[in-house]
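Structure first, commentary second.
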Amino acid sequence: MFEMVLYGKVAFRGRILTGSIGVEKGRIARIALGELKGEETLRLPRGQVLLPGLVDVHVHLRDFEQANKETIESGTKAALHGGITVVFDMPNTKPPVMDARTFRMRELLFRGKSYADYAIGFLVSRNCGEAKSVNADFYKVFMGASTGGIFSEDFEGDYSCAPGVVSVHAEDAEIIGKNPQRPPEAEIRAIEKALNAAEKLRKPLNICHVSTAGGIRAVLEKALPWVSFEVTPHHLFLTKEDFEKNPLLKVYPPLRGERDRRALWENLSRIPIIASDHAPHTLEDKGAGAAGIPGLETEVALLLDAVNRGLMSLHDIVEKMHSNPIRIFNIMNKGFDVGRDADFTVVDLRREWVVKPEEFYTKAKWSPWEGRKLRGKVVKTFIRGELLMEEDDIFGKPAGRRVEVAAKG
Ligand code: DOR
Ligand code: ZN
Ligand code: ZN
């Protein structure tokens, strides 16, 4: 007899089975075909499928001095609403998380405020001493200036000194200095530099938001096993023609042409991670030229809609937003296995809904997909066996925890 049993359609190892998850003390105690006995049993209604808890490795939660754009509370509620159980917090905050004291403040800020589980990032730019003194869950390097303005002038040095997985924003500082349009070459050049460093250093590197055909080709051709990369939903679903019609779609790296967008889809099976790069700004700041697109509450639904259109499978979503992120970032307490946290994202592929950003939890009250009808919706989110979101409502207190990252060799 399990404390709790979830019964219904389950996406498990590439197949959709009818089965049960037995939950004990917030962890997966058993995964079985057929129905297990529980003190409490939750049967998923027809049409709903249970996925393992989805992870977003690229989220800007702001807070600190930019709490008007987003807070830990609003951003992690948005995460649960969008079916995200773990968020990776980006350190380009104000002040930036790039010294031990600010890192400690960030840790304290998350405690008791986060609705989702989280990983805390640390910004590296000529601060190796500080980078080594903190125990961050991952490290971030900006190769060219972005929101916050801090970037690395010695990528190789900063990457080599970070004591963990490094995520890099790869846009070449020199090229974007000369050309503020940030052409594809800015990304391709930076990715080539990053790959050369990775080839030499043989340390885990994750390239954020790859958006160009040339960029993805460069990464795939080098095929370094310790290099991974992310693609965003906005680069998968939007192009620069959309941006020309809607200036709110300004983002770094920018939306690209149709040829680049298609190259991402053609390489879908080789994309390790899909992450939102949720970058909320107030509409006022957007009007003044801030770059960034909010994505937490639309990303999974957009992918479900793509599943319905035959562009990808549910298994692709699980691989790119659960299995691969957990493996690449060495998260020990997550994964769809006995003993791991009982985190689940329940989706309804048939449900149609219209994107209404005014009903979202993020403070960014706009979305590129406003007014769009999507087929496929996240209907429930569980963390450690607790139902925290159901049908747009969020329950309970903020009980998010920091993920457990394996000690770095
Ligand atoms: O468009 C962007 N917005 N690109 C980034 O790299 C940073 C992000 C932000 O923090 O606003
Ligand atoms: Zn970035
Ligand atoms: Zn970002």
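Order of appearance sets the numbers: ligands from 1, and atoms from 1 within every ligand. Worth knowing before you read on, the calculation uses all heavy atoms, side chains too, and leaves out hydrogens, waters and symmetry mates. Just so we're clear, the structure is a prediction, and the values are computed from it rather than from any experiment.
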**OP:** Run the contact test for His281 against ligand 1 with a 4.0 Å cut-off on heavy atoms, strictly below, and give the result.
**Re:** yes

Original post:
Is the closest heavy atom of Arg62 to ligand 1 under 4.0 Å?
Top reply: yes

**OP:** Mark yes or no: Arg270 above the aromatic ring of Phe229, with NZ or CZ under 6.0 Å from the six-membered ring centre and no more than 45 degrees from the axis.
**Re:** no

Original post:
Distance under 6.0 Å and angle within 45° of the ring axis: does Arg182 meet both against Tyr252?
Top reply: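 Arg182 over Tyr252 ring: yes.
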
Subject >> Side chain, backbone, both or neither: Ile293 near ligand 1, heavy atoms under 4.0 Å >> reply: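 The answer is neither; Ile293 stays 4.0 Å or more away.
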
Original post:
Relative to ligand 1, is Met90 under 4.0 angstrom through side chain, backbone, both or neither, heavy atoms considered?
Top reply: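 Under 4.0 Å from ligand 1, Met90 contributes no heavy atoms.
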
Of the protein's non-hydrogen atoms, which lies at the shortest distance from [atom], and what is that distance?
{"atom": "atom 5 (C) of ligand 1", "answer": "Ser146 OG, 2.9 Å"}
{"atom": "atom 3 (N) of ligand 1", "answer": "Ala291 O, 3.0 Å"}
{"atom": "atom 9 (C) of ligand 1", "answer": "Thr147 OG1, 3.1 Å"}

Subject >> Heavy-atom side-chain contact between Ile273 and Lys320 under 4.5 Å >> reply: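 They are not in side-chain contact.
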
Original post:
For ligand 1, is there an N or O atom under 3.5 Å from any N or O atom of Tyr252?
Top reply: yes

Subject >> Within 6.0 Å of CD in Glu386, more than 12 heavy atoms from elsewhere >> reply: no

Original post:
In His209, the N, O or S atom nearest to the Zn ion (ligand 2) is which?
Top reply: NE2

Original post:
Is it true that some N/O/S atom of Cys208, main chain or side chain, lies under 2.8 Å from the Zn ion (ligand 2)?
Top reply: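 It does not; every qualifying atom lies at 2.8 Å or beyond.
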
**OP:** Considering just N/O/S atoms, say which atom of His60 is closest to the Zn ion (ligand 3).
**Re:**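 It is NE2 of His60.
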
Original post:
Salt-bridged, Glu352 to Arg375, with N to O below 4.0 Å?
Top reply: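 The answer is yes: the pair qualifies as a salt bridge.
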
Subject >> Salt bridge flag under 4.0 Å for residues Asp117 and Arg401 >> reply: no

Original post:
For the residue pair Tyr159 and Phe155, does the interplanar ring angle fall in the parallel (under 30°), tilted (30 to 60°) or perpendicular (over 60°) class?
Top reply: parallel

**OP:** Please identify which atoms of ligand 1 are closer than 4.0 Å to at least one heavy atom of Val251.
**Re:**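 Those qualifying, in numeric order: 1 (O).
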
**OP:** Heavy-atom contacts with Ala279 under 4.0 Å: which atoms of ligand 1 show up? List them by number with element.
**Re:** 3 (N), 8 (C), 9 (C), 11 (O)

Original post:
Which value, rounded to 10°, describes the OD1(Asp277)-the Zn ion (ligand 3)-NE2(His58) angle?
Top reply: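 That angle is 80°.
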
Original post:
Taking the side chain from Lys363 and the backbone from Ala67, do they hold a donor-acceptor pair closer than 3.5 Å?
Top reply: yes

**OP:** Among Lys380, Arg27, Lys334, find the residue that satisfies the salt bridge (Lys or Arg N to Asp or Glu O under 4.0 Å) test when tested with Asp343.
**Re:**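 So, applying the salt bridge (Lys or Arg N to Asp or Glu O under 4.0 Å) to Asp343 and each of Lys380, Arg27, Lys334, only Lys334 qualifies.
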
Subject >> Whether His169 has an N, O or S atom under 2.8 Å from the Zn ion (ligand 3) >> reply: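 Checking the Zn ion (ligand 3) against His169, no N, O or S atom falls under 2.8 Å.
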
**OP:** Mind running ring pair (Phe, Tyr, Trp, His ring centres under 6.0 Å) on Trp265 and Phe237 for me, showing each step along the way?
**Re:** CA-CA 10 Å; Trp265 281 101; Phe237 294 108; 5.6 Å; yes

